[in-house]
Colleague: 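Sharing a structure, written as structure tokens. Questions coming.
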Amino acid sequence: MKAYIKGMSEQKRQQLGEILRFGIVGLLATAVQYGIYWLLIHLIPNGISPSRMHFLTTAAMTAGYLVSFVFNFIASTHYTFRVKANARRGAGFVLSHAVNYLLQMLMLNFFLLIGISKGWAPIPMFCVCVPVNFLLVRFFLKR
């Protein structure tokens, strides 16, 4: 493996480093988001209407997303992409995460509607949204 990495161009090694650091930050941010979501969904009472359950599940995911967003911005600028945080990058990060948030809410509610439990529905949602988020964040933070 070391020989393969040493054989890479400097640009390819930097890109590989970004992907690995993104993975670390992404796992931590996802754990924060899911952890908050998991705690909050356990506060949702049983026996409520499906529409109320979907609303409260979405609100729980939103709360987790907001906390994760702050962590993610700091970690992405300082650690993942190693760029200085500024207003332009912040605006791009907000825009990319607005798209990601909407995609997450769409996917979460889709998976809930097709019958995946509220505890498991975020898993396929993250599988769809994380790669899209990487491309969006990289685009906005690296330009």
Side-chain angles (χ1 to χ4, degrees), residues 1-2 4-5 8-143:
M1 185 67 152
K2 279 186 178 182
Y4 178 74
I5 293 172
M8 294 176 139
S9 69
E10 182 62 27
Q11 180 182 7
K12 290 287 184 191
R13 279 196 302 271
Q14 287 178 357
Q15 288 174 339
L16 179 61
E18 282 182 357
I19 291 169
L20 292 174
R21 290 187 305 271
F22 178 84
I24 292 166
V25 169
L27 282 172
L28 291 172
T30 301
V32 167
Q33 181 179 353
Y34 186 77
I36 292 169
Y37 168 79
W38 188 86
L39 288 171
L40 293 176
I41 64 169
H42 284 84
L43 298 176
I44 298 173
N46 291 327
I48 62 173
S49 71
S51 62
R52 183 87 174 134
M53 189 275 296
H54 280 274
F55 172 78
L56 292 174
T57 302
T58 300
M61 186 60 75
T62 299
Y65 193 91
L66 291 172
V67 174
S68 175
F69 172 83
V70 173
F71 164 78
N72 204 341
F73 179 70
I74 294 166
S76 291
T77 54
H78 289 55
Y79 177 68
T80 303
F81 298 108
R82 297 180 177 162
V83 295
K84 184 174 172 133
N86 60 32
R88 192 178 103 227
R89 287 189 176 117
F93 196 82
V94 168
L95 178 61
S96 67
H97 274 272
V99 171
N100 186 50
Y101 172 77
L102 293 174
L103 182 61
Q104 281 195 15
M105 293 306 107
L106 178 72
M107 293 283 97
L108 176 68
N109 283 287
F110 170 74
F111 292 124
L112 290 169
L113 285 171
I114 64 171
I116 298 176
S117 74
K118 63 186 176 192
W120 288 99
I123 305 304
M125 175 202 76
F126 286 130
C127 291
V128 171
C129 297
V130 168
V132 172
N133 189 48
F134 172 76
L135 296 173
L136 289 170
V137 169
R138 186 175 193 284
F139 174 77
F140 284 111
L141 289 183
K142 294 294 278 192
R143 32 185 312 221

Colleague: With a 3.5 Å cut-off and no angle check, do the side chains of Asn72 and Ser68 form a donor-acceptor pair?
Modeller: no
Colleague: Does Ile48 form a side chain to side chain contact (heavy atoms under 4.5 Å, CB included) with Leu56? I'd like the steps, not just the answer.
Modeller: CA-CA 10 Å; Ile48 62 173; Leu56 292 174; 3.8 Å; yes
Colleague: Walk me through it: do Tyr101 and Phe69 pass the test ring-ring contact (aromatic ring centres under 6.0 Å, His included)?
Modeller: CA-CA 10 Å; Tyr101 172 77; Phe69 172 83; over 10 Å; no
Colleague: Can you establish whether the number of heavy atoms outside Phe71 located under 6.0 Å from its atom CZ is more than 12?
Modeller: yes
Colleague: For residues 103-114, dump all side-chain donor-acceptor pairs below 3.5 Å to protein atoms at least two apart in sequence or in another chain.
Modeller:
| unit_1 | atom_1 | unit_2 | atom_2 | d |
| --- | --- | --- | --- | --- |
| Gln104 | OE1 | Gln33 | NE2 | 2.7 |
| Asn109 | OD1 | His54 | ND1 | 3.3 |
| Asn109 | OD1 | Thr58 | OG1 | 3.4 |
| Asn109 | ND2 | Thr58 | OG1 | 3.1 |
| Asn109 | ND2 | Met105 | O | 2.9 |

Colleague: Test of understanding: with side chain to side chain donor-acceptor pair (under 3.5 Å), list the residues that count as partners of Ser51, not counting sequence neighbours.
Modeller: Ser49
Colleague: Determine the minimum heavy-atom distance between Val25 and Ala75, stating which atoms define it.
Modeller: CG1-CB, 3.6 Å
Colleague: In Å and rounded to the nearest 0.5 Å, what is the NZ to CH2 distance from Lys118 to Trp38?
Modeller: 11.5 Å
Colleague: Looking at every non-hydrogen atom in both residues, tell me the closest pair between Ala60 and Leu40 and how far apart they are.
Modeller: CB-CB, 3.6 Å
Colleague: Between Ile44 and Arg52, is the side chain to side chain contact (heavy atoms under 4.5 Å, CB included) condition met? List the steps.
Modeller: CA-CA 10 Å; Ile44 298 173; Arg52 183 87 174 134; over 6 Å; no
Colleague: Side chains of Val130 and Phe22: does their closest heavy-atom pair fall under 4.5 Å?
Modeller: yes
Colleague: List for me each residue that meets side chain to side chain donor-acceptor pair (under 3.5 Å) alongside Arg82, sequence neighbours excluded, and say none if there are none.
Modeller: none
Colleague: side-chain contact (heavy atoms from CB on, under 4.5 Å) with Val67: which residues, sequence neighbours excluded?
Modeller: Val32, Ile36
Colleague: How close do Cys127 and Pro131 get, heavy atom to heavy atom, and via which atoms?
Modeller: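 Closest pair (atom of Cys127, atom of Pro131, distance): O-CD, 3.3 Å.
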Colleague: Taking only residues two or more places apart in sequence or in another chain, which ones pass side chain to side chain donor-acceptor pair (under 3.5 Å) with Ser9?
Modeller: none
Colleague: Got a donor-acceptor contact below 3.5 angstrom from the Ser76 side chain to the Phe73 backbone?
Modeller: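 Absent.
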Colleague: Output yes when Arg13 and Glu10 qualify as a salt bridge under the 4.0 Å nitrogen-oxygen rule, no when they do not.
Modeller: yes
Colleague: For Asn133, check side chain to side chain donor-acceptor pair (under 3.5 Å) against everything at least two apart and list the hits.
Modeller: none
Colleague: Rounded to the nearest 0.5 Å, how far does OH of Tyr34 lie from CE of Met125?
Modeller: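 Met125 atom CE to Tyr34 atom OH measures 9.5 Å (nearest 0.5 Å).
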Colleague: Could you tell me if the ring centre of Tyr65 sits under 6.0 Å from that of His97?
Modeller: yes
